[in-house]
Amino acid sequence: MSQTIDRPELSPAEWKLIQDLRSLPDAALRDRMQTSIGELLFFFRTPRCQGIGIEGFPCGDPRSSCEDCHQIWDMLDRVAERVRKD
């Protein structure tokens, strides 16, 4: 019985991300990076905290405080700025 592999269409940026992950030299570093990317993607999909939004409703994610959200966004802005400088 042969097995077929479904090859999704990936953008050049998506292929580069996969290649960059695979080129990491250390398995422990690859595992840490994959975990970090998973958490980062969760944050991007649900960038919410326990605070109250402009409308007066809770933002909605008990995993983060308002301060945590702001710190993460600030840190991401700093990382993006460093990348632009290089």
Side-chain angles (χ1 to χ4, degrees):
M1 177 159 51
S2 68
Q3 181 179 0
T4 60
I5 298 173
D6 184 22
R7 296 188 151 218
E9 294 292 324
L10 297 176
S11 71
E14 291 167 330
W15 277 116
K16 182 175 179 345
L17 177 63
I18 290 169
Q19 290 170 337
D20 288 347
L21 283 172
R22 288 184 173 174
S23 71
L24 292 172
D26 181 41
L29 182 59
R30 268 193 308 275
D31 291 344
R32 185 175 181 186
M33 188 64 177
Q34 289 171 355
T35 300
S36 297
I37 287 174
E39 288 297 318
L40 191 58
L41 290 173
F42 173 83
F43 181 77
F44 284 143
R45 282 191 303 266
T46 56
R48 302 177 185 152
C49 59
Q50 296 173 359
I52 302 298
I54 294 171
E55 317 81 28
F57 296 102
C59 291
D61 187 352
R63 289 174 37 153
S64 301
S65 69
C66 283
E67 184 177 329
D68 289 345
C69 283
H70 291 290
Q71 286 178 350
I72 291 170
W73 283 115
D74 290 344
M75 184 262 319
L76 291 172
D77 289 342
R78 287 192 305 271
V79 169
E81 187 63 35
R82 284 183 68 180
V83 170
R84 281 192 283 269
K85 289 179 182 179
D86 291 341

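Hydrogens, waters and symmetry mates are skipped; everything else that's a heavy atom, side chains included, is used. Numbering starts at 1 and runs along the sequence shown.
- Atom CD1 in Ile37 sits 5.0 Å away from atom CG in Leu17 (nearest 0.5 Å).
- Within a 6.0 Å radius of CZ in Arg30, more than 12 heavy atoms belonging to other residues, nucleotides or ligands are found.
- Ile18 and Leu24 are members of different hydrophobic clusters when ILVMFWY side chains are connected at heavy-atom separations under 4.5 Å.
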Stepwise side-chain contact (heavy atoms from CB on, under 4.5 Å) check, Leu40 with Leu76: CA-CA 10 Å; Leu40 191 58; Leu76 291 172; 3.8 Å; yes
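- Salt bridge annotation for Arg78-Glu81: absent, with no cationic side-chain nitrogen under 4.0 angstrom from a carboxylate oxygen.
- The side chain to side chain donor-acceptor pair (under 3.5 Å) check on Gln71 picks up Glu67, with sequence neighbours excluded.
- Across every non-hydrogen atom of Glu9 and Glu14, the tightest pair is O-OE1, 4.1 Å.
- Applying the side chain to side chain donor-acceptor pair (under 3.5 Å) rule to Asp20 yields the partners Lys16; only residues at least two apart in sequence or on another chain are considered.
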